Each structure stands twice: as C-alpha cells, then as structure tokens.
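Some notes on the structure that comes next.
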Amino acid sequence: CARIPGPGGNFPAKLWRLVNDPHTDSVRWDQQGEGILIDRALFEAEVLGDLFKTNNFTSFIRQLNLYGFRKGGGRQDDEPDSPAELHFQNPYFKRDKPELLAHLRRMTRSNRAKLQAGLEVSCRRCGVLLHRHLIYSLVCRSQACWPYP
Amino acid sequence: CARIPGPGGNFPAKLWRLVNDPHTDSVRWDQQGEGILIDRALFEAEVLGDLFKTNNFTSFIRQLNLYGFRKGGGRQDDEPDSPAELHFQNPYFKRDKPELLAHLRRMTRSNRAKLQAGLEVSCRRCGVLLHRHLIYSLVCRSQACWPYP
Amino acid sequence: CARIPGPGGNFPAKLWRLVNDPHTDSVRWDQQGEGILIDRALFEAEVLGDLFKTNNFTSFIRQLNLYGFRKGGGRQDDEPDSPAELHFQNPYFKRDKPELLAHLRRMTRSNRAKLQAGLEVSCRRCGVLLHRHLIYSLVCRSQACWPYP
DNA sequence: ACCGTTCTAGAATATTCGCCA
DNA sequence: CTGGCGAATATTCTAGAACGG
C-alpha cells in the first residue's frame, strides 16, 4: 500500500491528502465524515511552511473559503472532540463520496459569474491529481493497511 | 549608516534593496548603472526561499518581466563580467535616478489597458516602501559607508 | 501617578491605553512613535480574553482595519525589532500627537460615505474617554513616573 | 444607531505552468 | 530554442455583511 503521493497538486488535492493521511494529526474527518476538523496550533507546526508556502493560518482559511468551505458542522453541529478544533464543511468534500471532488471549484468572482451563467469552469489539474489521490485513499482504506508499514 | 530595512515590500522594493545591498553578491548594477546583472546560481543560494517564497529562479524572471524588465544590456550589450550573469534592464530602474521608481507598474493585462486609456494605476505600498529604500540607498552611498561597519 | 483607567472605552481608547501602558509588552510604539508594533503570541496571552471579549487575534486585526490602521511602516526606518512583530500605522494615531485621536472613526461603509460627502460622523464616547486617557498618558510620561511604583 | 465579534469575500501582489511567435 | 506573456492558483491585506449587545 503506497503512500499518498505528494506534495504536488492544488489546494483541494493537498487537503484531501492531509485529511486522509493518518500521519497528519491536525486535520481529520468528523465522525460522520461530512466535515473536517482542524487543530490550529498543531496545523501551524505540522503543515504550514511545509506543504504550503505560507506560515499564516489565515491564508489557509482564505483558501478554504475560496473553495467553498463554510464553518460549522454538517448536520446539527456535531461537536468537535476538542473545543479548540475548527469545523468546516463543503458539499463536495465528503469522506465517503470522493466522486464529488470533481465539482470543487475555486470561487473567484469570475468563476462565480460563469457558473451562474451556466458556463463551464475549469479547474487546473483537478481531474488528474484528485483522481490519483482519491484512488490511493480508497484503495488504502479498503485494504485497512493504515498506518503505513 | 543603518542597514537597509527589510524584508517587507513588493517586488520592486525588494529588488532595489538587493541591488543596492553590498551584502548581496548575486544581484548588482552594471557598469553604467543602467541595468542589473544576476548570477543565477548565486541568486538561488543567496536569495530564493529567503526574501522570496519561491525556490524557482524562473518565477523571479516572471516577476522581472511583469514589472517591465527586458533581457539585454542598455546600450550595446556591455559585457557582463561573468558570462554566466544575466543582464536585465528597465527604463524606470536606474541606479542614479531613484525618482523614476515611482513609475514602476505591475504590467498585468488590466493595468496595461488602464494605462493606455490614460487612467491611474495604483501600486500598493509602492510609495512608502520605495521611498524608504531609495532614501536609505542614496544616503548610504553618498556617505560611502558601505560595507556596513 | 495613577494607573491608566480601565477597562472601559471603545477600541481606540483601549488601544491607546495598551500602547502607552508600560505593563503591556505585546503592544508598543515603533521608534518614531508613528506606528505600533504587535507581538501576536504575547498579545494573545496578555490581552485577549481580558480587555477584549474575543480570543481571536483576527478580530483584533479587523478592529484595526475598521479604524483605519494599515499594515506597514509609516515613513522611515521603523522596522520591528523582532520580525515576528506586526507593524500597523494610522494617520490619526501617533504617540506625540494625541490631539489627532479625535479624528479616529469607525470606517463602516456608511461612515465612509458620510465623510466623503463632508458630513459629520460621530464617535460614541470617543471624546470623553480618549480625552481622559490622553491626559493621563501625557501627564504620566511628562512626570517620568513610569513604570508604576 | 453604534460598537464589537465573526465569518466570508474583494482586491492586489506573488508563484506556477504552459503557450507561441 | 528562447524570451515574453496569458491565465490559473496561492498568499496577503482589507472590507463587506450579519448578528447580538
């Protein structure tokens, strides 16, 4: 069971990799797999400046918002295990529905306008990279081979 | 004679600081002070990943082009001391005419259109930071106090 | 020499008190007294949750922006001692010109419109509290009685 | 009606990738 | 092949908007 490939890809690819990587403690799925939980202090030490070029946690939050993540739990605000953890959710980012990832878009003003007009919006390398990553994560999880040998 | 302040500022501010900083060997003025000479290998080791968030020299070149720098010497391609040095020049980036710095603009498509239409184009924090740096470099050079004590 | 009164007042009053309070290490004037330097980690431990109701540093930044503070140094060489310190400045928030405090306004959209139309904009309790605090700080500094006994 | 807090979006610069004359 | 550029994403700083006190 190979490692999830890295560190390339755009923001959704990186986030998908992080949340599915058992070696990453700062980002994880909530109990229902409908949203993600982020431990800020841990995230700053573990991820920022490494996988991302920024050291500012707020830049990471800006990316979450750009890709359509909203704060708050999926259903009835299921509590994070630690009160310090931030809860975000996105209709196209679900643990058990990786096929939805293809709908993720960077919500710039121009993309928003295009979508409302019914036009196509590209997502550079979304297809290839996300596909690779989701295959990896699905295969690995189904084989219950995590954590890595 | 104080050090040139850093590391803030936009690209022109950083470049002006680098080329005037005697501690930076990878970027320097050509003999006439009309263009800059860049030693790529040295630049990668000395500057990239530190003052800039990128490790790719080509990203730095992209910035040079965005701000209007062109390859080639000012007059008749006065030879770089080392054949490995790249020669770039910009009509508003001259060693002895810091007042021209105020005309530097990021040449995006929209900015290009605005300029052609005779409109104003902003340059965030260009004024303050460039002003700071040019004052420093002028004062320091005039006092011949470089390298720093 | 009495302590600066607290903890009441609106945001500018609190900030003026903090930056002039020698017991507060996380907020201080830059060398020229034209901008303020903020140590985030220290600020979170020292000030947040106490003087302000929030635990989010970003809320404090939002307040700074609402009242017209901008990131970056004022004019000349005012780099932070520690690169970790954030530098903000405001044309009406200067160490040696407390009379300018009266011009501070909460820059909401409506206030912005009013000011551009040349209308008056109120600032609740700005007058009274700021006046009290600036008197205190001036008196205290002039008597060189800091730090407090 | 104003202020403070929170979450999200706008806008400018920075970085990356790839095209093309 | 190369230099310059378009266009997409990434990072930074500031503003909009909603809500409660």
Side-chain angles (χ1 to χ4, degrees), chain A residues 8-14 48-49 51-72 86 88 105-112 121-126, chain B residues 8-14 48-49 51-72 86 88 105-112 121-126, chain C residues 9-14 48 51-72 86-88 105-112 121-126:
Chain A
N10 57 10
F11 181 78
K14 289 179 182 176
L48 291 184
L51 187 55
F52 299 101
K53 286 183 183 293
T54 181
N55 290 313
N56 300 316
F57 188 72
T58 56
S59 293
F60 174 69
I61 300 297
R62 186 71 190 90
Q63 288 278 64
L64 284 176
N65 283 325
L66 269 175
Y67 279 92
F69 284 81
R70 299 302 176 89
K71 205 165 186 179
L86 303 177
F88 279 88
R105 290 292 179 274
R106 199 164 180 271
M107 278 300 141
T108 59
R109 166 177 287 226
S110 64
N111 277 356
R112 208 183 295 275
V121 171
S122 70
C123 183
R124 195 159 64 178
R125 282 166 298 147
C126 265
Chain B
N10 57 10
F11 181 80
K14 289 178 181 176
L48 291 185
L51 187 56
F52 299 100
K53 284 183 182 296
T54 180
N55 290 313
N56 301 314
F57 187 72
T58 56
S59 293
F60 173 70
I61 300 299
R62 184 73 191 89
Q63 288 278 63
L64 285 176
N65 286 324
L66 269 175
Y67 279 94
F69 285 81
R70 300 303 175 87
K71 202 165 188 182
L86 302 176
F88 279 87
R105 288 293 179 273
R106 197 164 182 271
M107 277 302 140
T108 60
R109 164 174 289 225
S110 64
N111 278 357
R112 209 183 293 276
V121 172
S122 69
C123 183
R124 193 157 66 178
R125 281 169 298 152
C126 264
Chain C
N10 59 8
F11 181 79
K14 289 179 182 175
L48 290 185
L51 186 55
F52 299 99
K53 291 181 192 237
T54 179
N55 288 315
N56 299 317
F57 187 72
T58 56
S59 294
F60 174 68
I61 300 298
R62 185 73 190 90
Q63 289 277 61
L64 285 176
N65 283 325
L66 268 175
Y67 279 94
F69 284 81
R70 300 300 179 90
K71 202 164 188 181
L86 302 177
H87 202 174
F88 280 87
R105 290 291 180 273
R106 195 166 181 268
M107 276 301 141
T108 60
R109 168 177 287 228
S110 64
N111 278 357
R112 207 182 296 276
V121 172
S122 70
C123 181
R124 193 159 67 180
R125 283 167 296 152
C126 265

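Sequence lines set the chain letters: A, B, ... in the order given, protein chains first and strands last, and positions in each chain run from 1. Keep in mind that this is a model prediction, so the values were computed, not measured.
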Fill in: 5'-most by nearest nucleotide on DNA chain D - Ile61(A) or Leu66(C)
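The answer here is Leu66(C).
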Worksheet entry | 5' priority, DNA chain D, between Phe60(B) and Thr58(C) [closest heavy atom] |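 Residue closer to the 5' terminus by nearest nucleotide: Thr58(C).
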Report the distance from atom [atom1] of [X] to atom [atom2] of [N], rounded to the nearest whole Å.
X	N	atom1	atom2	answer
Lys14(C)	dT5(D)	NZ	C1'	11 Å
Leu48(A)	dT11(E)	CG	C1'	12 Å
Met107(B)	dA7(E)	CE	P	17 Å
Asn65(B)	dT15(D)	CG	P	14 Å
Asn56(C)	dT8(D)	CG	P	13 Å
Asn10(C)	dT5(D)	CG	P	11 Å
Asn111(C)	dC2(D)	CG	P	7 Å
Asn55(A)	dT11(E)	CG	C1'	11 Å

Item to complete: Taking the side chain as every heavy atom from C-beta outward, state whether Arg70(A) and Phe88(A) have any atom pair closer than 4.5 Å.
Response: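 A side-chain contact under 4.5 Å is absent here.
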Discussion item. For a 4.5 angstrom cut-off between non-hydrogen side-chain atoms, does Met107(A) reach Tyr67(A)?
Written reply: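 Side chain of Met107(A) against side chain of Tyr67(A), heavy atoms only: no contact under 4.5 Å found.
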Answer with base, sugar-phosphate or nothing: what part of the nucleic acid does [X] contact at a heavy-atom distance below 4.0 Å?
X	value
Ser59(A)	base
Arg62(C)	base
Phe57(B)	nothing
Phe11(A)	sugar-phosphate

Discussion item. For a quick check, tell me whether the side chain of Arg106(C) and the base of dG4(D) share a donor-acceptor pair closer than 3.5 Å.
Written reply: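 Side chain to base: pair found, below 3.5 Å.
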Discussion item. Counting distance alone, no hydrogens or angles: does the base of dG10(D) have a donor or acceptor under 3.5 Å from a partner atom on the side chain of Arg112(A)?
Written reply: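 Under the 3.5 Å cut-off, the side chain and the base do not form any donor-acceptor pair.
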Worksheet entry | Nearest-nucleotide 5' precedence on DNA chain E, Thr54(A) against Arg70(B) |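 Here Arg70(B) is the residue nearer the 5' end.
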Fill in: Residue whose nearest DNA chain E nucleotide is more 5′ - Lys53(B) or Arg109(B)
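Residue closer to the 5' terminus by nearest nucleotide: Arg109(B).
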Item to complete: Work out which heavy atom in Lys71(A) is nearest to a heavy atom in Leu86(A); give both atom names and the distance.
Response: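 That would be NZ-CD2, 3.7 Å.
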Item to complete: Return the minimal non-hydrogen interatomic distance between Asn55(A) and Leu48(A), and the atom names on each side.
Response: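 In terms of heavy atoms, the two residues are closest at O-CD1, 3.6 Å.
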Worksheet entry | Residue Lys71(A), side-chain atoms from C-beta onward, closest of dA10(E), dT6(D), dC7(D) |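 The closest nucleotide is dC7(D).
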Discussion item. Can you tell me which nucleotide in dC5(E), dA14(D), dT8(D) comes closest to the side chain of Phe88(A)?
Written reply: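 Selected nucleotide: dT8(D).
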Discussion item. Parallel, tilted or perpendicular: which one describes the rings of Phe11(C) and Phe60(C), with boundaries at 30° and 60°?
Written reply: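 If you compare the ring of Phe11(C) with that of Phe60(C), the planes turn out tilted.
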Worksheet item: Counting only side-chain N and O atoms of Gln63(C), is one of them less than 4.0 Å from OP1 or OP2 of dT5(D)?
Response: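 Indeed, a polar side-chain atom of Gln63(C) lies that close.
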Worksheet item: Should Tyr67(A) be listed as having a side-chain N or O under 4.0 Å from OP1 or OP2 of dA10(E)?
Response: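 True: Tyr67(A) side-chain N/O within range (under 4.0 Å) of dA10(E) OP1/OP2.
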Discussion item. Using 0.5 Å steps for rounding, measure from the OG1 atom of Thr54(A) to the CD atom of Gln63(A).
Written reply: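 Those atoms lie 9.5 Å apart.
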